[in-house]
2 protein chains.
Amino acid sequence: MTQSRSKYDSGCPVAYALDIFGDRWSLLVIRDMAVKGARTYGELLAGWEGISTNILAQRLKQLEQAGIVTKEKDPDSGRSFVYELTQKGRDLAPVLIEIALWSGRYNTAPDAMTGFLDKISADRPGTEARMRAGERP
Amino acid sequence: MTQSRSKYDSGCPVAYALDIFGDRWSLLVIRDMAVKGARTYGELLAGWEGISTNILAQRLKQLEQAGIVTKEKDPDSGRSFVYELTQKGRDLAPVLIEIALWSGRYNTAPDAMTGFLDKISADRPGTEARMRAGERP
DNA sequence: TTGAGCACTTGCAAAATGCAAGCAATCAGG
DNA sequence: CCTGATTGCTTGCATTTTGCAAGTGCTCAA
C-alpha cells in the first residue's frame, strides 16, 4: 500500500491529490461511483462521457493502487466484479461537490444541469451522505 | 469569450470543470497564484513542481480563454506581464481547500505538509479569504 | 551599445490517449 | 452438452499531448 513518490510530488497537498486524480478521467470514474452508484466495469464504461475501455481498465488499476477503490468478485455472478469506493474515495465527495458548485456558478450552457446541482442546493449534507453511501439516484 | 463545447462535455458540472482544469498542471498554476501570490510568468515557472515553459505558456492561454486569469502589461516594467485570477479563478479556492484537506487526511509522507494545511485548519475562512485576495504568504 | 533578464516559441523525442479489434471466462437457452 | 451472448478486460496502432532543450525578440540598466 506504500505509494512511491511520483516525480511530480513536491510535498504540496494539492500536488499529492493531482498525482492520484489529476487527469481527464479519474474524477469522472469516482463521480460515476459516488453520484450514479456505478459498481461494475460495464456501468463505468457506459458513463456519460464515453471513456475508452483500455483507459478505464488502467484508471481502475491506478485507483485501486491508490486505495480509492476496491475490486471484488461479484458473489452472484462469476463473470462480474464489483468495484467499491473506499473511505478514502468516499471522502472525495466534498471535492466533487465544490467542483460542481463552481461549475454551477460559471457554466452558462443551457443543458448544463443534470440534477446533481439541484440536489446539492436542495440538501448539501444529505447529498454528500448519499454520495458517500454510493446510493443510486 | 463564448467557449465552444469540448468533445468531452456531457453537461455534467464535474465534466465542465475538468474540461478547464482537469489536467496535471492547471490547478497547480491556480494554486501558485491563489496560495503563493504568483503573478508573473517567471514566478509561475519557478513553482514547486517544475512545469516546463511551453506547457506553462499553453496553460496560461487556456486559462485566460476560460476566464480564469487575466493578462496585463506590468505598468512598472515594459518587459513584464501581470497575471491575475478573475472572480471565476478566485472562486476555485474552496475546491483547492477541499483537495488539500483530503490530502491532509491521506498523505502519510513525512514532509507532506507545506504550511497550507496548517493555515486551513487554523482558520479556514481567513485562509480562503487570503487565497481570494491572492495574498503572498 | 551591450549584456542581462523576461516572456515566450520551436523542434523533436517520449509518453499518454483514443479507437478498433480480439480474447478468455462465464452463463443462459435450447 | 452445445452455442451464442455477456462481461471484463488486453493488444495494436495512429494520433495527441507532454517534456526537455535550445533559440528568439523585446526591454532596460549601465
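By convention in this document, chain letters (A, B, ...) are assigned in the order of the sequence lines, proteins followed by strands, and residues within each chain are numbered from 1.
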S.K.: Take the protein atom CZ of B:Arg59 and the nucleotide atom C1' of D:dG19, then report the distance between them rounded to whole Å.
M.R.: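 Interatomic distance, CZ of B:Arg59 to C1' of D:dG19: 12 Å.
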S.K.: Measuring from the side chain of B:Ser52 (C-beta onward, heavy atoms only), which nucleotide among C:dT17, C:dG18, D:dC20 has the closest atom?
M.R.: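 When the side chain of B:Ser52 is considered, D:dC20 is the closest of C:dT17, C:dG18, D:dC20.
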S.K.: Each nucleotide N or O in nucleotides 11-14 of chain C that has a protein N or O under 3.5 Å away: list the pair and distance.
M.R.:
none

S.K.: Could you work out, with side-chain contact (heavy atoms from CB on, under 4.5 Å) as the rule, every residue matching A:Gln87, not counting sequence neighbours?
M.R.: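 Checked A:Gln87 against side-chain contact (heavy atoms from CB on, under 4.5 Å); matches are A:Arg90, A:Asp91, A:Arg132, B:Tyr106.
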S.K.: Who passes side chain to side chain donor-acceptor pair (under 3.5 Å) against B:Ser80, sequence neighbours left out?
M.R.: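 Listed in chain order: nothing, the list is empty.
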S.K.: So, using side-chain contact (heavy atoms from CB on, under 4.5 Å) as the criterion, who are the partners of B:Asp23 when residues are at least two apart?
M.R.: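 Once residues adjacent in sequence are excluded, the partners of B:Asp23 under the side-chain contact (heavy atoms from CB on, under 4.5 Å) criterion are B:Trp25, B:Ser26, B:Arg59.
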S.K.: Rounded to the nearest Å, what distance is computed from the CG atom of residue A:Asp74 to the P atom of nucleotide D:dG8?
M.R.: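 These atoms are roughly 8 Å apart.
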S.K.: In plain terms, say whether B:Glu43 and B:Arg136 are close enough for a salt bridge, that is, a side-chain N and a carboxylate O under 4.0 Å apart.
M.R.: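 Judged by the 4.0 Å cut-off on N to carboxylate O distance, B:Glu43 and B:Arg136 do form a salt bridge.
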S.K.: Report the distance from atom CD1 of B:Ile51 to atom P of C:dT9, rounded to the nearest whole Å.
M.R.: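 Distance, rounded to whole Å: 14 Å.
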S.K.: For residues 31-38 of chain B, tabulate all N or O donor-acceptor pairs below 3.5 Å that involve a side-chain atom, not counting sequence neighbours.
M.R.:
unit_1, atom_1, unit_2, atom_2, d
B:Arg31, NH1, B:Glu49, OE2, 2.9
B:Arg31, NH2, B:Glu49, OE1, 2.8

S.K.: Taking only residues two or more places apart in sequence or in another chain, which ones pass side-chain contact (heavy atoms from CB on, under 4.5 Å) with A:Arg79?
M.R.: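 Applying side-chain contact (heavy atoms from CB on, under 4.5 Å) to A:Arg79 gives A:Ser77.
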S.K.: Tell me: CD of A:Glu64 to C1' of D:dC9, nearest whole Å?
M.R.: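 Between C1' of D:dC9 and CD of A:Glu64: 14 Å.
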S.K.: Holding to side chain to side chain donor-acceptor pair (under 3.5 Å), I want the full list of residues that pass it with B:Ser52, two or more places apart in sequence or in another chain.
M.R.: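 Side chain to side chain donor-acceptor pair (under 3.5 Å) list for B:Ser52, sorted by chain: B:Asn54.
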S.K.: Report the residues that fulfil side-chain contact (heavy atoms from CB on, under 4.5 Å) with A:Thr53, sequence neighbours left out, ordered by chain and then residue number.
M.R.: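 In terms of side-chain contact (heavy atoms from CB on, under 4.5 Å), with neighbours along the sequence ignored, A:Thr53 is linked to A:Tyr41, A:Leu45.
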S.K.: What is the distance, to the nearest angstrom, from the CD atom on B:Gln58 to the C1' atom on D:dG19?
M.R.: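 Value for this atom pair: 12 Å.
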S.K.: How would you summarise protein contacts on nucleotides 1-8 of chain C per nucleotide, using B for base, S for sugar-phosphate only and - for none, with heavy-atom distances below 4.0 Å?
M.R.: ---BBSSB
S.K.: Calculate, to the nearest 0.5 Å, the distance between atoms OG1 and NZ belonging to A:Thr70 and A:Lys88 respectively.
M.R.: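 Interatomic distance, A:Thr70 OG1 to A:Lys88 NZ, rounded to 0.5 Å: 13.0 Å.
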S.K.: Go through the structure and list residues passing side chain to side chain donor-acceptor pair (under 3.5 Å) with B:Asp74, not counting sequence neighbours.
M.R.: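 For B:Asp74, no residue satisfies side chain to side chain donor-acceptor pair (under 3.5 Å) once neighbours in sequence are set aside.
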S.K.: Starting at the 5' end of DNA chain D, what dot-bracket string do you get if Watson-Crick and G-U pairs under 3.5 Å are bracketed, crossing pairs use [ ], other-strand pairs use | and unpaired bases use dots?
M.R.: ||||||||||||||||||||||||||||||
S.K.: Between P on C:dG18 and CG on A:Leu28, what's the gap in Å once rounded to a whole number?
M.R.: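 Distance check: A:Leu28 CG to C:dG18 P gives 11 Å.
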S.K.: Quick one: list whatever passes side chain to side chain donor-acceptor pair (under 3.5 Å) with B:Tyr83, sequence neighbours left out.
M.R.: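 Not a single residue meets the side chain to side chain donor-acceptor pair (under 3.5 Å) criterion with B:Tyr83.
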S.K.: In this structure, how many angstroms lie between the C1' atom of D:dC9 and the CG atom of A:Leu63, rounded?
M.R.: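 My rounded result for the distance is 16 Å.
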S.K.: If you compare every side-chain N and O of A:Trp25 against the phosphate oxygens of C:dG18 (OP1, OP2), does one of them come in below 4.0 Å?
M.R.: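 Answer is yes, contact under 4.0 Å.
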S.K.: Between atom CG in A:Asp76 and atom C1' in D:dT6, what is the gap in whole Å?
M.R.: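 Atom-to-atom, A:Asp76 to D:dT6, this comes out as 16 Å.
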